[in-house]
Amino acid sequence: MGFLAGKTAIITGAGRAVLSDGRCGSIGYGIATAYAKEGANLVITGRNVKKLEAAKEELERLYHIQVLIVQADVNAGADNEAVVANVVKQTIDTFGSIDVLINNAQASASGVPLAEHTTDQFNLALYSGLYAAFYYMKACYPYLAKSKGSVINFASGAGLFGNFGQCAYAAAKEGIRGLTRVAATEWARDGINVNIICPLAWTAQLEQFEKAYPDAFAANVKMPPAGHYGDSELEIGRVCVQLASPDFKYLTGETLTLEGGMGLRP
């Protein structure tokens, strides 16, 4: 049994995706796999029910843990507090507690220059990323305070370096970075561990980005010094596992990056 046995983690944007070579193709699913190997109960959300069902089937079959799937889409036209409240209610009804919240979900219209970005495209990134993190953090706070749990959010080099064609995505990720730092300050006294990861993983979405926008891809996506892109499970998922460990409580409020040498930088 892993050290997360009996713990419950909510992971947003965790539907199953695979790369062209068959390996794990999404950060959310890579995290879910890493948590499943440690015995955690999982609540995975996303917009695509088929991808969620595929993730549930594989995770439960391979790792003998329980997975609750909840279709959830935070967007400009939804009653988002109700959407998130439903996820939290189903989590508590099923597992009785929340120990880890991982805000991974993010959609965007990458490759579109700022002057051509539409309001709908900007809202897509802000609501699916920044607003989703805000609503989930608020709704999960009482349960995380009770469990002395962890929040793990995600930033991006798009915001740190101002990537071409990613204005809405960068704005959402930089907003999440600020939100994370405030939560770390305010919630430390409650024993809640709050961190943010800035990863560069090779995903199915990045594969598609390279095919659809080769010029933007070449301008923005650089090979890390380690000579390879991050593996969604082994290098991103395992970091998320570490950040749920009591041994890593001292990292509260710090930013960790996998953007450069693929290592931790507290």
Side-chain angles (χ1 to χ4, degrees), residues 1-18 23-74 83-106 128 132-133 135-137 139-141 143-144 146-154 192-195 197 199 201 203-204 231-246 248:
M1 297 293 287
F3 79 87
L4 293 177
K7 304 291 187 180
T8 300
I10 296 176
I11 308 171
T12 69
R16 184 178 182 273
V18 294
R23 290 183 296 127
C24 178
S26 74
I27 289 176
Y29 191 61
I31 297 168
T33 300
Y35 269 66
K37 288 182 177 180
E38 293 295 339
N41 299 314
L42 299 179
V43 180
I44 58 174
T45 76
R47 294 180 294 177
N48 189 314
V49 175
K50 288 185 177 180
K51 288 184 177 181
L52 293 174
E53 290 174 342
K56 173 182 172 68
E57 188 282 327
E58 186 165 275
L59 292 169
E60 290 187 335
R61 173 171 48 83
L62 293 178
Y63 307 112
H64 310 291
I65 48 99
Q66 186 175 353
V67 180
L68 171 67
I69 63 172
V70 186
Q71 195 279 337
D73 181 13
V74 175
V83 169
V84 173
N86 175 57
V87 175
V88 172
K89 182 180 185 303
Q90 289 199 48
T91 301
I92 297 302
D93 288 348
T94 303
F95 297 117
S97 66
I98 299 171
D99 299 281
V100 186
L101 167 64
I102 301 175
N103 286 304
N104 165 74
Q106 178 71 66
S128 65
Y135 287 124
Y136 274 101
M137 289 169 73
C140 290
Y141 167 74
Y143 305 101
L144 292 168
K146 184 176 180 180
S147 66
K148 307 299 181 185
S150 301
V151 177
I152 302 167
N153 293 333
F154 282 83
I192 302 173
N193 191 34
V194 184
N195 281 284
I197 297 172
T203 64
D231 182 283
S232 294
E233 178 201 341
L234 299 179
E235 292 171 307
I236 314 299
R238 296 306 303 178
V239 169
C240 290
V241 166
Q242 288 179 312
L243 290 177
S245 166
F248 275 73

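Quick note: residue numbers are just sequence positions, from 1.
- Side chains of Thr45 and Gln71 form no contact here, defined as non-hydrogen atoms less than 4.5 Å apart.
- To the nearest 0.5 angstrom, Asn41 atom CG is 9.5 Å from Thr94 atom OG1.
- Looking only at side-chain heavy atoms (C-beta outward), Asn103 and Met137 come within less than 4.5 Å of each other.
- Ser128 pairs by the side-chain contact (heavy atoms from CB on, under 4.5 Å) definition with Gln106, Ala107, not counting sequence neighbours.
- The closest side-chain heavy-atom distance from Leu59 to Thr33 is below 4.5 Å.
- Taking all atoms of both residues into account, the shortest heavy-atom contact from Phe154 to Asn104 is CD1-CA, 4.0 Å.
- Considering only residues two or more places apart in sequence or on other chains, Thr203 meets the side-chain contact (heavy atoms from CB on, under 4.5 Å) condition with Ile27, Ala201, Gln205, Leu206, Ser232.
- Between Glu233 and Lys37 there is a salt bridge, since at least one side-chain N of the basic residue sits less than 4.0 Å from a carboxylate O of the acidic one.
- Judged as a ring pair (Phe, Tyr, Trp, His ring centres under 6.0 Å), and not counting sequence neighbours, the contacts of Tyr141 are Trp187.
- Nearest heavy-atom pair across Val88 and Ala139 is CG2-CB, 3.8 Å.
- Counting only heavy atoms from C-beta outward, the side chains of Cys140 and Ile10 approach each other to under 4.5 Å.
- Separating the CD atom in Gln242 from the CD1 atom in Ile152 is a distance of 10.0 Å, to the nearest 0.5 Å.
- Take Asp99 and apply the side-chain contact (heavy atoms from CB on, under 4.5 Å) test, not counting sequence neighbours, and it matches Lys7, Thr8, Ser97, Ser147.
- One N or O on the side chain of Asn193 and one on the backbone of Leu243 form a donor-acceptor pair closer than 3.5 Å.
- In terms of heavy-atom proximity, Ala14 sits nearest to Tyr29 at O-CD1, 3.8 Å.
- Proximity of a side-chain donor or acceptor of Glu38 to a complementary backbone N or O of Phe3 within less than 3.5 Å is detected.
- For the salt bridge (charged side-chain N to carboxylate O under 4.0 Å, His left out) condition, no pair includes a residue of residues 40-49, sequence neighbours left out.
- Here the side chains of Tyr35 and Val100 are in contact, with some heavy-atom distance below 4.5 Å.
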Verdict with reasoning, Val83 to Asp73, per side-chain contact (heavy atoms from CB on, under 4.5 Å): CA-CA 7 Å; Val83 169; Asp73 181 13; 5.9 Å; no
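- Residues Leu68 and Ile44 fail the side-chain proximity criterion, which asks for heavy atoms closer than 4.5 Å.
- Scored by the salt bridge (Lys or Arg N to Asp or Glu O under 4.0 Å) test, Glu60 finds Lys56 as partners (sequence neighbours excluded).
- Taking all atoms of both residues into account, the shortest heavy-atom contact from Gly15 to Ser26 is O-OG, 3.4 Å.
- Considering CG of Leu144 and OG of Ser150, their distance stands at 8.0 Å, rounded to 0.5 Å.
- Annotation: the span from Glu53 atom CD to Asn48 atom CG amounts to 9.0 Å, rounded to 0.5 Å.
- Residues Ile92 and Ile98 form a side-chain contact, since some pair of their non-hydrogen atoms from C-beta on lies under 4.5 Å apart.
- Counting heavy atoms from C-beta on, the side chains of Asp231 and Ile236 never come closer than 4.5 Å.
- Minimum interatomic distance between Ala72 and Val87 (heavy atoms only, all atoms of both residues): CB-CG2, 3.8 Å.
- Shown here for Leu42 and Ala32, the closest heavy-atom pair between the two residues is CD1-O, 3.5 Å.
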Chi angles and distances behind the side-chain contact (heavy atoms from CB on, under 4.5 Å) call for Val151, Ile192: CA-CA 7 Å; Val151 177; Ile192 302 173; 4.2 Å; yes
